[in-house]
Amino acid sequence: MRDDHATDLELIIDKVRRAGALAQHLKTNGLKTSYKSDGSIVTNADTEVNLWLKEALLAARPDYGWQSEEEADNAERLTSLRTFVLDPIDGTMGLSKGSPYWTIALAVIEANQPVAAAVYAPDSNEMYAAAFGEGAWLNGEQIYASRRDTLEDAEVLGDARLFGRDIWPLPWPRLSVHSRPSVAYRMVSVAAGKADFTLALTPKRDWDVAAATLIAQEAGAVVSDHLGNPYGFNAIDSLKPSLICAGAPLFDEIIRRCAHLEQL
């Protein structure tokens, strides 16, 4: 492992764990909820975790760029050698409703790809982490994506209604579909072999998927949009049109089923 990737990973694991304790404290004392201009929910946990992590991380790495869901974009990140990409609370709606499946997702991006990443689910004490070329880990134990090669009875994380829509010329076989409010948690669950794939045809942003992309890839999963285009990060536009994260043996079949959708 490159020394800078190793030290970055150590840094972000420590800070994300501390931020998780802050979020749990705020939850215990009663979350304060409001709504953004687009109608999405935001809590004081989102904003306070964002502020705490920004201060802590940029104090340690003042030359790194910064991109967060809870902050206006700053074009200076585009010229930084490395950039932190943060979703301070991924799955805010779930957090506000008492679901344990919310996460803090943090990545370090270099040359448009994640090189160190942590996704932390504080309520279940699950710390997923990876550094480029070094594998993926859950609480210190190496994890591997599913090797399932048939869709029948596959374990899926996502919206069960998606697979019954009339957009599919070929009906999906029987699937076991479960909902999780955090996109990052769905992806790291695939990385850990807890699910076989996750599929979403709704747009995602860099902060939704950057950290979990590295963890999934290092565990042997494949990540792309629904047409098989791989992700790049820290570009001017952070929008990703869709998401597939799957164990490698299932990936081509999922892509084949989505190919007719072309651009959404």
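Computed from heavy atoms alone, side chains included, the values below leave out hydrogens, waters and symmetry copies.
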Close side-chain approach of Leu86 and Trp66, heavy atoms under 4.5 Å | yes
Leu162 vs Trp168 side-chain heavy atoms within contact, under 4.5 Å = yes
Counting only N and O atoms by type, is there a donor-acceptor contact under 3.5 Å from the side chain of His226 to the main-chain atoms of Glu262?
-> yes
So if you build clusters from Ile, Leu, Val, Met, Phe, Trp, Tyr with side-chain heavy-atom gaps below 4.5 Å, do [X] and [Y] land together?
X	Y	answer
Val190	Trp137	no
Tyr101	Val16	no
Leu250	Leu201	yes

Does the salt bridge (charged side-chain N to carboxylate O under 4.0 Å, His left out) test come out yes or no for Lys36 and Glu69, once each step is laid out?
-> CA-CA 11 Å; Lys36 302 179 188 179; Glu69 179 179 13; 3.4 Å; yes
Listed by chain and number, what are the side-chain hydrogen bond (donor to acceptor under 3.5 Å, both in side chains) partners of Asn29, not counting sequence neighbours?
-> His25
Asp252: what forms a side-chain hydrogen bond (donor to acceptor under 3.5 Å, both in side chains) with it, not counting sequence neighbours?
-> none
Hey, are Asp8 and Tyr64 close enough side-chain-wise for a donor-acceptor pair under 3.5 Å?
-> yes
Short side-chain donor-acceptor distance under 3.5 Å, Gln24 and Asp123 = yes
Could you list the residues that satisfy salt bridge (charged side-chain N to carboxylate O under 4.0 Å, His left out) with Asp149, not counting sequence neighbours?
-> none
Side-chain ion pair, Asp208 and Lys240, N-O less than 4.0 Å = no
